[in-house]
Amino acid sequence: MKPLSLRYIIVFAALSALTLLGGGIGVLSGYGAEHSPAVLTAAVQKEAKSPAALPKPKAVQPVLPESTPLPVSKALSQRVVEYHIDVQLLPDTTSLRATETVTWTHPGLKPVQELYFHLYPNAFASEDTTFMKESGGELRGDAMPANGFGSMTLTDLRTTEGVSLMQRLQYVQPDDGNVNDKTLVKVHLPQPVNGGESVTLKVQFEVKLPKIFARMGSAGNFVMAGQWFPKLSVYEPAGTRGVQEEGWNLHQYHGTSEFYSDFGIYNVTISVPPNYIVGASGFPVKSAKLKQDQKVYQFYADDVHDFAWAASPDFVVAEEAFSTDHVPGVRIKLYLDPLHKHLQERYFQAAKAALTNFSKWYGPYPYSTLSIVVPPKEGNGAGGMEYPTLVTAFGAAEASPGTSLERTVIHEIGHQYFYGMLASNEFEEAWLDESFTSYAEDRLMEQEYGVSSNHVLQASLVTSSQPLDLETWKYTPADSYARNVYIRGKLVLKDIEQQVGTKTMDTLMAAYTRKFRFRHPSTADFQKIVEKVTKKSWQAYFDQYVYSGGSPDFSIDHIKISDPKKEGGDDNARYESSVAVSNKGNQYGDVPIKFTFLDGYTVQQFWNGTEKETTFQLAYKAPLLSAEIDPDHSILLESKHLNNFRLAELERKTLSRWTLSATKLLETLLGTLVW
């Protein structure tokens, strides 16, 4: 998903500045055996087994697509699912009409008699769906257009023997019980599917495309088909993401949640009007052909867990072949809105930088294509989104955009790793995708474009720290999802890097991404990699800052100074200063504290942070002017900085003896507070 918008950052930065001026502050913004990608051999499938056939009805059955021979390739994933879809775009009604043959191979052990499908377009069916109620009709700065509703209708569902299952459908709402939400449906099979066996169903469905909002829909003659087909839920065998008992992972489509799917094979035929151009996941099996006043495309993708496509008669298409030591060979394809056709080189450069470095850091990009779709301005709701081998950039609103162009492309290509290849569960552990991608994005933007992130500014936006492994819809208030999953999670990774060093951080990130390719890792899996590489326990750290919403909150509580002259001392007597400090939040060690005296002299000491509070005693010829905890703002997980600084309360007579230096020092110190 796209990084926080510039508008979002500016608004919160402005609010933060106002808060600061008003007396507060709130600001935004080993691998040993795992040197090569983890390759899971395809499970040996038993002969496909359909539910027991019942007497067939006499009515003529609809024609449904049959499986066709597919390209042969070495399996990188378990390939639990296989989809054959034939879809037609009907632009006059902004709808899709499609048939789907889907085969599911049971990856577990226990017999299964229900399959579950995500029907994501139903999130936009009315104002009463769970998605619409939670989002309030707004997402990522975009609002649902007037009368922009859309939906999905299953018109037929059968076994390969022709047995109708339409009466066996049941919409379920496991998360909130909202009967108006039809984004998840259960299909009761006539016969159980045993472990290792396969079942094939044939589906007919129609999609009324919403006006573009929340990643999918239509805007004028532009269409973004994301999450557009009935998609099987994930059945997790015991041990997957630490699950103790195997079973279906079931969630509705929420206002903040993204997606979780199993790896498999996609063979998709897309029919559009003759003047339309289509960009899609995977690669074209053959050139598009005209057939009965339709242009027909066929795409194939394997070892992916989703399939998306975009279509428009206005696309300006460009493509380049690209390879490096870590990128065996990929065709980068651009589908540009005409407003950005002159910027194609910038898109190519950003894509090449991302592929080169991410493949070096996190393992080779294993696919033969990467498509970048640039929506028109009115289609920006579909912009800044990731799908396997296809990403969307920001909508083309400006003829000369700033580096947000590159940042968005880099961020979305980063998702090819943490979302695409690792396939984390974004319902329940979204930070494993968004935080990790944001961390990689920041590093590459600084390396390639010299653009550094203001981590202090961003940290101060996290006004409500919450666990990073929280189910997405449970973050409260709603904006806490973005602040924790995009910002705080990234800062946790950056904080780990500061503690272990960049070289070790690179090693552990490489170990994690290479080991868990195509394997659905969990937060606990990442923790184990951190501990394996660093050879020490990180349990206390993860308990505080990952599994709970921990945050340190340092405070200079009190400064007391004794005046030697007032107490009868001689001219050489020293001022005795006592500084009480505390941590009102979670434990954090090696805390730097800077002490500044009225003659300009400074000294820095460190507090180990093991106790909740302590007192520093200082003696010096000049009185203490101020104390400041973490003056360089190196502790990224602290969001409240105002109480980190305190000026000493000095008597007028004491100040008068140090007037020459005091004024300039005060101006300098106070000036640094408005960062």
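Predicted model only: the values in this text are computed from it and were never measured. All values below come from the heavy atoms of this structure, side chains included, with hydrogens, waters and symmetry mates left out.
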| Sub-4.5 Å side-chain heavy-atom contact between E258 and E434 | yes

| task | Would you please classify the geometry between the Y297 ring and the F299 ring as parallel, tilted or perpendicular, with 30° and 60° separating the classes? | result | parallel

| note | Paired with D303, the side-chain hydrogen bond (donor to acceptor under 3.5 Å, both in side chains) test is passed by just one of R517, Q78, R79, namely R79

| Taking the six-membered ring for Trp, are the ring centroids of Y387 and H415 within less than 6.0 Å of each other? | no

| request: From the options F427, Y171, W228, select the one residue that forms a ring-ring contact (aromatic ring centres under 6.0 Å, His included) with H118. | output: F427

| said: Are the side chains of P366 and L76 in contact, using a 4.5 Å heavy-atom criterion? | reply: yes

| task | Check step by step if ring pair (Phe, Tyr, Trp, His ring centres under 6.0 Å) holds for F124 and F149. | result | CA-CA 5 Å; F124 315 113; F149 297 107; 9.3 Å; no

| message | So which atom in N380 and which in G395 form the shortest heavy-atom distance, rounded to 0.1 Å? | response | OD1-N, 2.6 Å

| Of D176, T183, L184, which is the lone residue that meets side chain to side chain contact (heavy atoms under 4.5 Å, CB included) with T130? | D176

| If you measure only the distance, is there a donor-acceptor pair under 3.5 Å linking the side chains of D306 and Q227? | yes

| So how far is it from K341 NZ to L336 CG, rounded to the nearest 0.5 Å? | 10.5 Å

| Closest heavy-atom contact between A310 and M224? | CB-SD, 3.9 Å

| said: Between Q113 (side chain only) and L189 (backbone N and O only), is there a donor and an acceptor less than 3.5 Å apart? | reply: yes

| request: Take the angle between the ring planes of F222 and F315 and call it parallel below 30°, perpendicular above 60°, tilted in between. | output: perpendicular

| task | Quick one: closest heavy-atom pair of P375 and A393, and the distance? | result | CD-O, 3.3 Å

| message | Between Q173 and N180, is there a side-chain donor-acceptor contact under 3.5 Å, judged purely by atom types and distance? | response | no

| F436 and its ring-ring contact (aromatic ring centres under 6.0 Å, His included) partner, picked from F418, Y486, Y419 | F418

| query | So, for F259 and Y253, is the gap between ring centers shorter than 6.0 Å? | reply | yes

| Can a donor-acceptor pair be found between the side chains of H520 and S424 at a distance below 3.5 Å? | no

| Does the side chain of S218 come under 3.5 Å of the side chain of K211 through a donor N or O and an acceptor N or O? | no

| said: Could you walk me through whether T103 and V81 satisfy the side-chain contact (heavy atoms from CB on, under 4.5 Å) test, starting with their C-alpha distance in whole Å, then the side-chain angles of each, then the deciding distance to 0.1 Å, before giving a yes or no? | reply: CA-CA 6 Å; T103 299; V81 292; over 6 Å; no

| Hey, is K133 close enough to D128 for a salt bridge, meaning N to O under 4.0 Å? | no

| said: Testing Y120, F205, F117, Y266 one by one against F229 for a ring-ring contact (aromatic ring centres under 6.0 Å, His included), which residue passes? | reply: Y266

| task | State the CZ-CG distance between F307 and N267, to the nearest 0.5 angstrom. | result | 9.0 Å

| task | Report yes or no: do W431 and T523 form a side-chain donor-acceptor pair below 3.5 Å? | result | yes

| query | Is there a donor in the side chain of D181 and an acceptor in the side chain of N122, or the other way round, less than 3.5 Å apart? | reply | no

| message | For a quick check under 3.5 Å, do H254 and E134 share a side-chain donor-acceptor pair by atom type? | response | yes

| said: I'd like to know if the side chain of T392 and the backbone of M385 have a donor-acceptor N/O pair within less than 3.5 Å. | reply: yes

| query | Y481 versus K474: any side-chain heavy-atom pair under 4.5 Å? | reply | no

| field | Stepwise side-chain contact (heavy atoms from CB on, under 4.5 Å) test for V373 and L390 | value | CA-CA 8 Å; V373 174; L390 182 148; 4.2 Å; yes

| task | Using only heavy-atom distances, determine whether the side chains of D302 and Y300 contain a donor-acceptor pair under 3.5 Å. | result | yes

| Are a donor atom and an acceptor atom from the side chains of H251 and E428 found within less than 3.5 Å of each other? | yes

| Centre of Y116's six-membered ring, under 6.0 Å away, within 45 degrees of the axis: is that where NZ or CZ of K186 sits? | no

| field | From NZ (K377) to CG (D337), nearest 0.5 Å | value | 11.5 Å

| S480 side chain to P477 main-chain N or O, any donor-acceptor pair under 3.5 Å? | yes

| query | Any side-chain donor-acceptor pair under 3.5 Å between E82 and H84? | reply | yes

| query | Between atom CD of E206 and atom CG of L154, what is the distance when rounded to the nearest 0.5 Å? | reply | 10.5 Å

| field | Under 3.5 Å side-chain donor-acceptor pair for Y235 and E246 | value | yes

| Stepwise side-chain contact (heavy atoms from CB on, under 4.5 Å) test for R331 and S368 | CA-CA 6 Å; R331 296 201 72 83; S368 61; over 6 Å; no

| task | Determine, step by step, whether R241 and E236 satisfy the salt bridge (charged side-chain N to carboxylate O under 4.0 Å, His left out) criterion, reporting the C-alpha distance in whole Å, the side-chain angles of both residues, the deciding distance to 0.1 Å, and the verdict. | result | CA-CA 8 Å; R241 299 189 315 108; E236 297 181 320; 2.7 Å; yes

| query | With a 3.5 Å cut-off and no angle check, do the side chains of T369 and K333 form a donor-acceptor pair? | reply | no

| said: Return the CE to CG distance between M216 and L209, rounded to the nearest 0.5 Å. | reply: 5.0 Å

| From T269 atom OG1 to K291 atom NZ, the distance as rounded to the nearest 0.5 Å | 9.0 Å

| query | Checking side-chain contact (heavy atoms from CB on, under 4.5 Å) for the pair V485/L468: CA distance, chi angles, key distance, verdict? | reply | CA-CA 6 Å; V485 169; L468 295 176; 5.6 Å; no

| message | One pair to check against side-chain hydrogen bond (donor to acceptor under 3.5 Å, both in side chains): S261 and K231. What are the steps and the verdict? | response | CA-CA 8 Å; S261 306; K231 185 162 58 170; 3.2 Å; yes

